[in-house]
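If you're wondering where the values come from, they're calculated on a predicted model, not measured in any experiment. Computed over heavy atoms, backbone and side chain alike; hydrogens, waters and symmetry mates excluded.
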Amino acid sequence: MLKVIDHPLIRHKLTVMRDKDTGTKDFRDNLDEIGGLMVYEVTRDLPLKDLEIETPICPYVAKTLATPIVVAPILRAGLGMVSGILSLIPTAKVAHIGLYRDEETLEPHTYFEKYPKHMDESTVIIVDPMLATGGSSAAAIDMVKRQGATNIKLVCLVGAPEGVELIEKLHPDVDIYLAALDERLNENGYIVPGLGDAGDRIFGTK
């Protein structure tokens, strides 16, 4: 269920992102690139179907994707992973899931939802750079399941064991993909060693 995508290029780019002195542009660019690198592994088991085509030489029965793809970023930090994925799957639709975390209780609250049609027929890839307590990701999975989605993948950059454990408990049918599994959460609910507040670092708001 949990897959940590351990690749030298991902490790290198993640190191750049962890560095507190990395600026907004480089942070954003590396996140975008890691999203593109991760999508190869995330989509490894996508179903295929036959398609009859004509090559320049002869008729041929080829393979094509059997289901629509929906990328569902958890706003706002999840937006930083979308373009890297779309560069590999340009036909994917994009849902938007707006959640914010109460700074005292750490509980997620919904403020926006927007979905394409046919969620029940689609492979849904939920993206968020951080899997910390797991509350936001669990809520997002609940939300897409209410739209009829059954084939769901959760893709995060950095995760904490606490968040992984919660998703495995509440949504054992959802595969989790990480670029790194970090040590723990601190008393403020941030991942250690982590990379800080991903949303603020992506958009330069702090």
Side-chain angles (χ1 to χ4, degrees), residues 1-46 69 71-89 92 94 97 99 101 106 108 124-138 140-141 152-168 174-206:
M1 179 180 175
L2 171 63
K3 173 69 174 179
V4 179
I5 303 174
D6 187 11
H7 189 283
L9 289 177
I10 291 177
R11 281 194 177 190
H12 171 78
K13 294 176 185 298
L14 187 53
T15 296
V16 174
M17 295 181 68
R18 289 188 192 274
D19 191 330
K20 67 180 180 62
D21 294 324
T22 296
T24 299
K25 180 184 183 302
D26 289 337
F27 188 93
R28 186 187 299 142
D29 287 349
N30 279 275
L31 177 59
D32 183 67
E33 291 162 6
I34 291 174
L37 290 168
M38 291 182 72
V39 79
Y40 279 104
E41 189 64 32
V42 172
T43 57
R44 179 178 295 277
D45 63 351
L46 289 182
I69 309 296
V71 182
I74 299 176
L75 306 182
R76 61 186 167 134
L79 290 172
M81 300 179 69
V82 172
S83 62
I85 295 174
L86 291 182
S87 67
L88 274 296
I89 318 174
V94 180
I97 299 173
L99 294 169
R101 186 172 72 163
L106 304 183
V124 180
I125 303 173
I126 298 174
V127 295
D128 193 3
M130 314 302 286
L131 177 58
T133 65
S136 293
S137 293
I141 294 168
I152 304 166
K153 300 172 183 288
L154 175 64
V155 181
C156 303
L157 195 67
V158 177
E162 295 91 333
V164 171
E165 181 180 355
L166 183 69
I167 299 303
E168 290 179 336
V174 174
D175 291 327
I176 305 168
Y177 296 84
L178 301 176
L181 180 62
D182 279 10
E183 297 173 11
R184 58 182 173 86
L185 296 178
N186 66 15
E187 62 277 7
N188 296 316
Y190 282 93
I191 300 173
V192 178
L195 44 75
D197 187 304
D200 284 337
R201 297 193 70 187
I202 291 166
F203 298 109
T205 50
K206 192 172 183 179

Please say which of Ile126, Ile97, Val124 ends up in a side-chain contact (heavy atoms from CB on, under 4.5 Å) with Ile141.
->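 That would be Ile126; it is the only one of Ile126, Ile97, Val124 passing the side-chain contact (heavy atoms from CB on, under 4.5 Å) with Ile141.
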Step by step, work out the side chain to side chain contact (heavy atoms under 4.5 Å, CB included) result for Leu75 and Leu79.
-> CA-CA 6 Å; Leu75 306 182; Leu79 290 172; 3.6 Å; yes
[X] vs [Y] side-chain heavy atoms within contact, under 4.5 Å:
X	Y	result
Leu166	Thr133	no
Phe27	Ile202	yes
Val94	Leu86	yes
Val164	Leu178	yes
Ile85	Ile69	no
Met1	Ile167	yes

So, [X] side chain and [Y] main chain: donor-acceptor pair closer than 3.5 Å or not?
X	Y	answer
Arg201	Leu195	yes
Arg28	Gly204	no
Asp32	Gly84	yes
Thr22	Val16	yes
Asp182	Gly194	yes
Ser137	Gly134	no
Asn186	Asn188	yes
Arg184	Ala160	no

Which distance, rounded to the nearest 0.5 Å, do you find between the [atom1] of [X] and the [atom2] of [Y]?
X	Y	atom1	atom2	answer
Tyr190	Leu185	OH	CG	11.5 Å
Ile176	Lys3	CD1	NZ	14.0 Å
Tyr177	Glu41	OH	CD	6.5 Å
His12	Ile34	NE2	CD1	9.5 Å
Ile5	Tyr40	CD1	OH	12.5 Å
Leu2	Leu181	CG	CG	6.5 Å

Evaluate the side chain to side chain contact (heavy atoms under 4.5 Å, CB included) criterion for residues Leu14 and Val158: first the C-alpha distance (whole Å), next the side-chain angles of each, then the deciding distance (0.1 Å), finally the verdict.
-> CA-CA 9 Å; Leu14 187 53; Val158 177; 3.9 Å; yes
Looking at [X] and [Y], what are the two nearest heavy atoms and their distance?
X	Y	result
Lys153	Asp45	NZ-OD1, 2.9 Å
Asp6	Arg11	OD1-NE, 2.7 Å
Ile74	Ser136	CD1-O, 4.0 Å
Asp29	Lys25	OD2-NZ, 2.7 Å
Leu131	Cys156	CB-SG, 3.8 Å
Val174	Ile152	CG1-O, 3.6 Å

Is the CD atom of Glu168 crowded by more than 12 outside heavy atoms at less than 6.0 Å?
->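 Result for CD/Glu168: enclosed.
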Residues Arg76, Asp200: salt bridge by 4.0 Å N-O rule |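 Looking at Arg76 and Asp200, the cut-off is met.
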Test side chain to side chain contact (heavy atoms under 4.5 Å, CB included) applied to Leu31 and Met81, step by step | CA-CA 6 Å; Leu31 177 59; Met81 300 179 69; 3.6 Å; yes
Lys13 and Leu37: CA distance, side-chain angles, deciding distance, side chain to side chain contact (heavy atoms under 4.5 Å, CB included) verdict | CA-CA 11 Å; Lys13 294 176 185 298; Leu37 290 168; 4.1 Å; yes
